[in-house]
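Quick note: numbers below take in every heavy atom, side chains included, and nothing from hydrogens, waters or symmetry partners. Numbers restart at 1 for each chain; the letters A, B, ... are given by sequence-line order, proteins then strands. Everything numeric in this text was worked out from a predicted model, so none of it was measured.
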There are 2 protein chains.
Amino acid sequence: MSRPQPASQHTVRRHNSALVLDAIADAPGSSRAAVAARTGLTKATVSSLVDRMIGAGLVAEGEAQARSGPGRRGTALHLSPTGPHGLGVEIGVDYLATCLVDLTGRVRARWVRPSDNRASSPARVLAKVASAVRTAAKQDVPIGGVGVAVPGLVEVAGGSLRLAPNLGWREVDVRGELTRRLELDVPVLVGNEANLAALAELWHGDVAADFLHISGEIGIGAGIVVGGALFEGVSGFGGEIGHLSVDPRGPACACGSRGCLERLAGQDEIVRAAGVTGVDELLARLAAGDRTATTAVRSAARWLGVALSGAVNLLDLPTVVLGGTYARLEPWLHEPLHAELDRRVVSAEWSPVRVVASSLGAEAAVRGAATTAVRAILADPDPYVTSVLA
Amino acid sequence: MSRPQPASQHTVRRHNSALVLDAIADAPGSSRAAVAARTGLTKATVSSLVDRMIGAGLVAEGEAQARSGPGRRGTALHLSPTGPHGLGVEIGVDYLATCLVDLTGRVRARWVRPSDNRASSPARVLAKVASAVRTAAKQDVPIGGVGVAVPGLVEVAGGSLRLAPNLGWREVDVRGELTRRLELDVPVLVGNEANLAALAELWHGDVAADFLHISGEIGIGAGIVVGGALFEGVSGFGGEIGHLSVDPRGPACACGSRGCLERLAGQDEIVRAAGVTGVDELLARLAAGDRTATTAVRSAARWLGVALSGAVNLLDLPTVVLGGTYARLEPWLHEPLHAELDRRVVSAEWSPVRVVASSLGAEAAVRGAATTAVRAILADPDPYVTSVLA
DNA sequence: TGCGATAAGTTCAGGCATCAAACTTATTGG
DNA sequence: CCAATAAGTTTGATGCCTGAACTTATCGCA
């Protein structure tokens, strides 16, 4: 934990720059006067800050606004579509994905490629990642930051990957390595794949500010959002739910414990129990009404329900979002999962837990990573502005 | 959620005042120069801020410091013992308690009185509370704020009590009512009793920045501290653990669900199962090795273990603090509770959960309430300073 | 006793970001 | 064409921090 920093006039401008930018992002097309009214700053201050940000290419002026009554028309302000873009990369267990988003969070390009990252050394994978980033950065848009999603425990402040069981990685300085390998001089942010998917859901999905996002791929990850902010937990360990023991007398798990959620409701287990070779085949069988497949998914749903009810009870979360593979399986998970939650969640009687499938699908994590990179600029634009104008 | 406020020079001073005060609180006896070095502010700034705070009575100068080498000796600074005090009140189910602390958090006076608050209307109880506060405030020290601990769900920002099942209260505007009834012109802060006890443990106990504090009185409450800050959760509902369902097929609870922790491990249930009339008798029987009493406590410990392992798994908390009645029962709870945690907590294998009894005992909540009041001044001294100097 | 070195604390000019208010510019409606 | 209205700019004042010079206090050594 670092000591708090002293504040000076510069800090004030920093704070207010973020405030102004946030107002513009929230209500695109506002005039300077509207932003002033919204933020509580004076028109003079807003003008000065906006001019700086236009100079740095974060904000652009649009057409003069229409107006019904008398008076001069305001000039519309919005986040510049040619401003810095965020580049997201996801290091999956068996693929690499990238995603390019503009300041408003809109996806401008994406790219996915299979890659067995379990079989390669971290150094080799990171070289591939660097090359993927360079390829994606070849678009003629400026890159303002890179976000990296990894399936493991991340020490967020340092950008170092502590442990990724499903990759077989341990203590890899992802930020340091990538910063070194990229010739781009931009910040590299590293985050847990489940947390970034949850943030994508918060920013681009249709759920409110409090929810638990659970995604099943090779592993099971949960991202908890409370009050519109990611709950990082102790040492960035926000809601590692995969190895929650849901059946203390259940089968042994690779982690050493027994009856872990991942062991009972993970994608691998569902596929195995259904007797299929992959998720696509599983979905085909389910659609065809195959009994074995249905049973396998319903069993997973019940274990998921046990784990989720604990989290929901403890945190009083109103909503659960199913992401990743679970989003695709949602129609078959729905009923047993809901039954379990209704039975176990205390507050279910007067306000049932809402369970929704993510609308973002498999791209949630990369998109979250990319958006995190631009959000970092929006949340504290002044260093960026200063660096561009200097 | 309120929009963020614009910043101005005043905000800077506010921030830095808190920074300086924090440095003095953290290292009492520091000189202005030491504070400057520690905070990163210049000596000039520190001098100016310190002088203001001395003027307002928050900081006092001590003796000149001893020094080994050459050079002028610094004047020791510390929080003023005659500065504003925090007054805590706890509205228990069957008692009222008050506690007066100075700026450093040291207890200067306390007072407890039985009072069956279940049987009285909120208005009558709040009148008693107001009179207790007035009595406690009769000491000749200035009161800087009042903290109120209540056994129920509190909407912290508004200071309103949403629901207190064990008091039979619902939607009581505690802050508004008390502010009106007290002639003191100081802020009144209202908080959940379990959360305030957890904060007391954080500030005055001997545990680090991450833990779960669980206290058993009439109800069971948990306060979760992550990264040295209280985790408030959704709508101030931080870790309401009492009605976590630990045995879905267990006995019906007053709340409508079944097998709630409170129903299986609450003080009332332990006392009933042990066949005694109260906790004091229970302790006597336990000390005498009474079999029924021991069995009752061990059973409660196991259910507690189930509930706590869920929370600990999800939040990756390293420590559990037993407060309230559980602190007194700790010797008998210890073994079965630990067994359950070791069995259910995933990370227990490489870092076992530490379970400790609170050293603060029954006074934790009042003390937390009182300290919250002074902490509010220390965390943002400028409004107080300005009001005193004006 | 006196002097140089060292460190604490104060004073003061300078800089910077905000604010309030006056001012300029653009637009509508009569 | 002008009054009314609103957007956006200019200007001077204010407040707070900074850096550097300055004053004060103390030690060690001759």
Inset, instruction - Would you mind reporting whether A/Leu21 and A/Val59 have side-chain heavy atoms less than 4.5 Å apart? - result: yes
Legend entry - Covered region of DNA chain D, 5' end to 3' end, by chain B [heavy atoms, under 4.0 Å]: D/dG15 to D/dG28
Inset, instruction - Please assess B/Thr45 against B/Thr42 for the test side-chain hydrogen bond (donor to acceptor under 3.5 Å, both in side chains), listing each intermediate value before the final yes or no. - result: CA-CA 5 Å; B/Thr45 306; B/Thr42 60; 2.9 Å; yes
Inset, instruction - Any chance you could measure A/Leu230, atom CG, to A/Glu232, atom CD, to the nearest 0.5 Å? - result: 4.5 Å
Inset, instruction - Taking only Lys NZ, Arg NE, NH1 and NH2, and the carboxylate oxygens of Asp or Glu, determine whether A/Arg32 and A/Glu61 approach each other closer than 4.0 Å. - result: yes
Legend entry - Under 3.5 Å donor-acceptor, A/His15 side chain and B/Gln5 backbone: yes
Legend entry - Pairwise distance CZ(A/Arg106) to CZ(A/Arg108) - rounded to 0.5 angstrom: 5.0 Å
Inset, instruction - List the protein contact pattern of nucleotides 15-23 of chain C with one symbol per nucleotide (5' to 3'): B for base contact, S for sugar-phosphate-only contact, - for none; contact means a heavy-atom distance under 4.0 Å. - result: BBBSSB---
Legend entry - Any side-chain heavy-atom pair of A/Pro187 and A/Val146 under 4.5 Å: no
Inset, instruction - For residues A/Ile143 and A/Leu100, determine if any side-chain heavy atom of one lies less than 4.5 Å from a side-chain heavy atom of the other. - result: yes
Inset, instruction - List in numerical order all residues of residues 23-33 of chain A for which some heavy atom is under 4.0 Å away from an atom belonging to DNA chain D. - result: A/Ser31, A/Arg32, A/Ala33
Legend entry - Any donor-acceptor N/O pair, A/Asp102 side chain to A/Gly105 backbone, under 3.5 Å: yes
Under 3.5 Å donor-acceptor pairs involving side-chain atoms of residues 383-390 of chain A, not counting sequence neighbours:
from	atom 1	to	atom 2	distance (Å)
A/Thr386	OG1	A/Arg52	NH2	3.3
A/Thr386	OG1	A/Asp382	O	2.8
A/Ser387	OG	A/Tyr384	O	2.8

Legend entry - A/Thr372 side chain reached by A/Leu199 side chain, heavy atoms, under 4.5 Å: yes
Legend entry - Interface with DNA chain D, restricted to residues 381-389 of chain B and to heavy atoms under 4.0 Å: none
Inset, instruction - Determine whether A/Asp22 and A/Leu378 make a side-chain contact, defined as any pair of heavy atoms from C-beta on separated by less than 4.5 Å. - result: no
Inset, instruction - Can you see which heavy atom on B/Gly88 is nearest to which on B/Ala370, and at what distance? - result: N-CB, 3.4 Å
Inset, instruction - Check whether any side-chain N or O of A/Asn16 sits under 3.5 Å from a backbone N or O of B/Ala7 as a donor-acceptor pair, and report yes or no. - result: yes
Considering only nitrogen or oxygen atoms on both sides, find all protein atoms under 3.5 Å from nucleotides 4-6 of chain C and state each distance.
from	atom 1	to	atom 2	distance (Å)
C/dT6	O2	B/Gly71	N	3.3

Inset, instruction - Keeping the roles fixed (side chain from B/His85, backbone from B/Gly83), state whether a donor-acceptor pair exists under 3.5 Å. - result: yes
